[in-house]
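A quick write-up on the structure given underneath.
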There are 2 protein chains.
Amino acid sequence: MILSKSCEYAIRAVVYIASKTVKEERASIIEIAEAIGSPVAFTGKILQTLTRKKVLASSKGPNGGFYIINPASVYLVDIVRAIDGNEIFTACVIGLTTCSAEKPCPMHYQMKPIRDQLRIDFGKRSVYEMVQAFENNNYFLK
Amino acid sequence: MILSKSCEYAIRAVVYIASKTVKEERASIIEIAEAIGSPVAFTGKILQTLTRKKVLASSKGPNGGFYIINPASVYLVDIVRAIDGNEIFTACVIGLTTCSAEKPCPMHYQMKPIRDQLRIDFGKRSVYEMVQAFENNNYFLK
DNA sequence: TTAATAGAAGACAAATATATCTTTTATTTT
DNA sequence: AAAATAAAAGATATATTTGTCTTCTATTAA
């Protein structure tokens, strides 16, 4: 599993929330959890983190809920970094803390292009793009 | 983290063991754990699994220890599958159990080439190759 | 055949990730 | 101002992963 479960939920939640935002609507925790098939309270914690990290925005009270300021300027990489950090793009595949070009592990040079590609692809894919696909009913979140 | 910690230790251990095997020597758990910087007893459990799964071989008693039958015919992918299973090459990046070309998640088509590349690279890289590099003192296991 | 060596196996412990529940705070509507 | 709504925050619970400890079994050498 390349991403933590929290991060998987986070991505699914953000895409769903953005799909509401583009319709000028906000989404409650309960609605989001239902839409993506995740545990309600746990999803709340994750959304809290995403809000603190400015990936999402939220408002309390009636008609409140979560929304996203600009889906076109938030990328998958931003969600991943907010929840799992940057390590998946940099950490040694066999867990060496000192792994680098100067002191490489036996997989260092094989892994570098793969990791770079991952970062590039995650950095290119905007939430807006993912929402467009989701809204066309061609893609799924649960 | 793409691989579990157990799997990271497993790969490092196998490379070290193979470096002994090519010198016609066997390696004890204690020696292995020291060489790769891993907890002794936990490493023992992992080696046990690798032996059960035929990635390694072992013998008890004096002059016993772990060794590998044919380093040139064991590939990184075999170690990963023995410890973490095949899921890292197939599982949906956002955790959908039903994700497929028929019912894709919003990252399905971006992830497929990355996963395929990972499987190809892991399937190409033999333990023997990794040992050669390690023995040249160009690469490290801790 | 006894002592020493070394992996196998099982029970147990700690740390981390995942999940739940309750209370508090902020906002909106009436 | 009061009631209702919804997120924030904190405490707690469960599951999984990581790590340890003890006993058992097999092998070798003296």
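None of these values were measured; they are calculated from a predicted model. Naming: A, B, ... by sequence-line order, numbering from 1 per chain.
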*May I ask you to list the residues of residues 17-35 of chain A, by number, that have any heavy atom positioned under 4.0 Å from an atom of DNA chain D?*
A:Ala27, A:Ser28, A:Ile29
_Could you work out, with side chain to side chain contact (heavy atoms under 4.5 Å, CB included) as the rule, every residue matching B:Thr21, not counting sequence neighbours?_
B:Ile17, B:Tyr67, B:Ile68
_My understanding is that only residues two or more places apart in sequence, or in another chain, count here; which of them pass side chain to side chain contact (heavy atoms under 4.5 Å, CB included) with A:Glu34?_
A:Lys142
_Does anything in residues 58-83 of chain A form a salt bridge (charged side-chain N to carboxylate O under 4.0 Å, His left out)? List the pairs, not counting sequence neighbours._
none
Show me the side-chain donor-acceptor pairs of residues 48-58 of chain B shorter than 3.5 Å, one per line, residues at least two apart or across chains.
from	atom 1	to	atom 2	distance (Å)
B:Thr49	OG1	B:Lys45	O	3.2
B:Thr51	OG1	B:Leu47	O	2.8
B:Lys53	NZ	B:Ala82	O	2.9

*Residue pairs involving residues 113-132 of chain B (criterion side-chain hydrogen bond (donor to acceptor under 3.5 Å, both in side chains); sequence neighbours excluded)*: B:Lys112-B:Asp116, B:Asp116-B:Arg119, B:Gln117-B:Asp121
*Set of residues satisfying side chain to side chain donor-acceptor pair (under 3.5 Å) with respect to B:Glu25, sequence neighbours excluded*: B:Lys20
_DNA chain D contacts among residues 39-46 of chain B, heavy-atom distance under 4.0 Å_ = B:Pro39, B:Ala41, B:Phe42, B:Lys45
_Any residue meeting side chain to side chain contact (heavy atoms under 4.5 Å, CB included) with B:Ser73, in chain and number order, not counting sequence neighbours_ = B:Asn70
_Which residues end up grouped with A:Tyr109 if you chain together Ile, Leu, Val, Met, Phe, Trp and Tyr wherever their side-chain heavy atoms are less than 4.5 Å apart?_
B:Tyr139
*asked:* Heavy atoms within less than 4.0 Å of DNA chain D: which residues of residues 55-68 of chain B have one? Give them sorted by number.
replied: B:Lys60, B:Gly61, B:Pro62, B:Asn63
*Taking B:Arg26 for the side chain and B:Gly64 for the main chain, is one N or O donor matched with an acceptor at less than 3.5 Å?*
no
*Could you tell me from which nucleotide to which nucleotide of DNA chain C, 5' to 3', there is an atom under 4.0 Å from chain A heavy atoms?*
C:dT18 to C:dT29
*Taking only side-chain nitrogens and oxygens of B:Tyr9, does any of them come within less than 4.0 Å of OP1 or OP2 of D:dG19?*
yes
